[in-house]
Amino acid sequence: MAPPSVTYSEDQADAHDRISQMLGAMGIDLDNAILTPLREGKNAVMAVVGKAGSGKTLLLAALYNALEEAGVEIVSGDWESRKKRDKRTLTILAPTNKAASVLRMRGVPATTIHRILYTPVYDPEYERFAEWLAGQGERPEIEGLTEQALDRAHAFYQDNKSIPGAFAAAGLRGSDFISGWTRRSEPLDIGFVDEASMLDEKQFEDLQEIFPTLVMFGDPAQLPPVKGTVQGTGDMVFDTLPDPARLTLHRVHRQDADNPILDLAHALADPDMGFADFERMVEHAAARDDRVVYAQRVEVDLMARSPVLVWRNATRIRLINAFRAVYGAPETELLEGEPLICDGIELPMKHRKKRLDLEARGLIKGAQVIYLGPGRKPGFSRLHVVGAPEPQVSAASIVKIEKPDEEEPFIPFAARMGAAFLHGAAVTIHKAQGSQWSDVQVFAPDIYAAARMGRMEAGQPLWKRLTYVAITRAEHRLHWVVRNRLSKPSGALSIDDLRGTDPVPLRMEQDT
């Protein structure tokens, strides 16, 4: 076996070899960069599991680089070249936009599972443009685009490998080059799935239909999906695989070995660790390292871009209303910069194409969105979809703000149909899975409430699983909030950090 281009731990090296052997049996020889056509009827599934810091993402990235160097074509969900019988492809997927964007920031061209199910249809003229960028055609001549615009697009693509991003660098918008969306009718080849702990059984079955070769990367200590593989057991889809198909990474990789947040996460595995013991450990970690903060209040400034993580729905609603009150937000409208969470698309089936438009732009259930202001028509909103390749859109919106002790949410404004949103200043820990933020605030009184209940889930105390998921959402700094208090904002809400390209309009059919 040729040595990998990164420094592996022993269990990472073993996982790399095992996956390479599986790929070899499927016609991809990584050692000699030899590809043979995919043979119908052959299937392989494998999972790499490990806790935070064990090197799952590093292994995924290294395998992606090795496959690309061997000549495997990367399918991003943004654009696909014409299918060739002997072409081998790799698609890297994540369940949410935020999870996919975490991978893209590390140089891995990930897309969402939904984006792979629904693919864009390009205008033929711009199809030639995309083929040239991908190195599969001649430099095009396109009316309205200068040679300098083509050069800007080419330079962007060399660094980012995003066709829509390259088109945007040339001055184009999605409505210029995408004529529609269609559900995928043919299978692909190799699929890598990050954050596989979030998959439910139906999604797993769908992915197996699309990808003859499937490798999942997941954390067994995460919370299980709402629709578990076996109802009530807390199982994840990779738990159903036979032992030889599950590769476990035990060791914390050396670049993460001095991370106090990971130290806290792994300390939860101690069966004798109680909540009070853990909270003392957090306090001691905060005294030694500024990456951990033992906080006496919720910092409201952080809530605008990274939600407070809570367990109880009632806590979430109280924090959201406190956030809006401290910024002086009126009940009848949103302020520019308020965070939202997409709660689904409310459209009848006859508007299926418009539903695809919204979802393909990143407005899928659970997407984190920042409100940029009202649209040109009543009920429309200008939005920034966090983590989406083309983040700024304009869409018909139904915004719901839940109130304490009230069953029905307050709706400050709404279109007749469109994308539905809840406020996003606070979210439940379950909904935060798959996302990461630079600074994360965890509302410890909620965790304490779970600990007092003594509830167990999949053989583990629920409070430990909640804590593990919550604190591992922090990329750089963990704020462990121990008091039910809220700070004053340092200034008014702003969207200056989101300034960029003009929003892409996503109109409902009756508004065109």
Side-chain angles (χ1 to χ4, degrees), residues 52 94-99 102 195 197-200 219 221-228 232 234 236 265 268 275 295 298-300 302-324 338-344 364-370 386-387 399-407 409 420-437 439-453 455-458 460-474 478-482 484 486:
T96 65
N97 287 302
K98 193 68 171 65
V102 169
E195 297 288 352
S197 58
M198 298 175 66
L199 298 178
D200 60 40
D219 185 339
Q222 297 270 21
L223 292 163
V226 176
K227 300 175 183 178
M236 299 174 186
L268 291 163
F275 179 84
V298 174
E299 291 297 330
V300 71
L302 293 176
M303 296 171 72
R305 295 295 179 268
S306 58
V308 180
L309 305 187
V310 305
W311 174 46
R312 296 177 291 192
N313 218 32
T315 306
R316 178 181 67 85
I317 294 170
R318 285 199 306 271
L319 282 169
I320 286 169
N321 282 272
F323 172 89
R324 301 201 78 233
E338 287 199 66
L340 303 172
I341 299 292
C342 183
D343 196 40
I364 58 177
K365 191 175 179 69
Q368 184 185 1
V369 174
I370 308 298
V386 177
V399 179
K400 306 173 185 178
I401 298 178
E402 298 148 296
K403 298 287 186 179
D405 304 318
E406 294 183 18
E407 290 187 11
F421 297 97
L422 300 175
H423 205 278
V427 301
T428 62
I429 295 168
H430 272 91
K431 283 190 178 295
Q433 288 195 114
S435 296
Q436 282 191 306
W437 296 272
D439 281 59
V440 164
Q441 299 184 88
V442 179
F443 195 71
D446 259 22
I447 307 292
Y448 175 62
R452 289 190 62 186
M453 287 180 61
R455 182 172 154 189
M456 304 292 286
E457 191 171 269
Q460 292 291 323
L462 175 61
W463 78 266
K464 288 189 174 183
R465 299 193 78 169
L466 290 167
T467 303
Y468 178 90
V469 172
I471 67 179
T472 54
R473 300 309 93 204
L478 166 67
H479 301 252
W480 183 261
V481 181
V482 297
N484 190 11
L486 193 69

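These values consider heavy atoms only, across backbone and side chains, with no hydrogens, waters or symmetry-generated copies.
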When you look at D446 and T315, which way does the side chain to side chain donor-acceptor pair (under 3.5 Å) test go after all the steps? CA-CA 8 Å; D446 259 22; T315 306; 2.8 Å; yes
After noting the C-alpha distance and the side-chain angles of V399 and L340, does the key distance pass the side-chain contact (heavy atoms from CB on, under 4.5 Å) rule? CA-CA 8 Å; V399 179; L340 303 172; 4.3 Å; yes
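Put simply, the side chain of W480 reaches to within 4.5 Å of the side chain of I447, judged on heavy atoms. Side-chain contact between N321 and P404 is present, with heavy atoms from C-beta onward closer than 4.5 Å. Residues L486 and M303 have side chains in contact (heavy-atom distance under 4.5 Å, counting atoms from C-beta outward). Residues Q368 and I341 form a side-chain contact, since some pair of their non-hydrogen atoms from C-beta on lies under 4.5 Å apart. Under the 4.5 Å side-chain criterion, counting only non-hydrogen atoms from C-beta, R316 is in contact with E402. The shortest side-chain heavy-atom distance between Q433 and T96 does not fall under the 4.5 Å cut-off. Taking 4.5 Å as the limit, some side-chain heavy atom of R452 sits within range of a side-chain heavy atom of Y448.
Judged by distance alone, with hydrogens and angles left aside, the side-chain atoms of E195 form no donor-acceptor pair with the main-chain N or O of S435 at under 3.5 Å. When atom types are taken as modelled, the side chain of R465 and the backbone of P461 share no donor-acceptor pair closer than 3.5 angstrom. Distance alone, capped at 3.5 Å, is enough to place a donor-acceptor pair between the Q441 side chain and the E299 backbone. With D343 contributing its side chain and F421 its backbone, the two residues share no donor-acceptor pair below 3.5 Å. The closest donor-acceptor contact from the side chain of Y468 to the backbone of A52 lies under 3.5 Å. No donor-acceptor pair closer than 3.5 Å links the side chain of S306 to the backbone N or O of V440.
Checked options V310, I471, L223; the residue passing with I429 is L223 (criterion: side-chain contact (heavy atoms from CB on, under 4.5 Å)). Checking each of V298, V308, L302, V442 against H479 for a side-chain contact (heavy atoms from CB on, under 4.5 Å) leaves exactly one that passes, namely L302.
Residue F275 qualifies as enclosed at atom CZ: its count of foreign heavy atoms under 6.0 Å is above 12.
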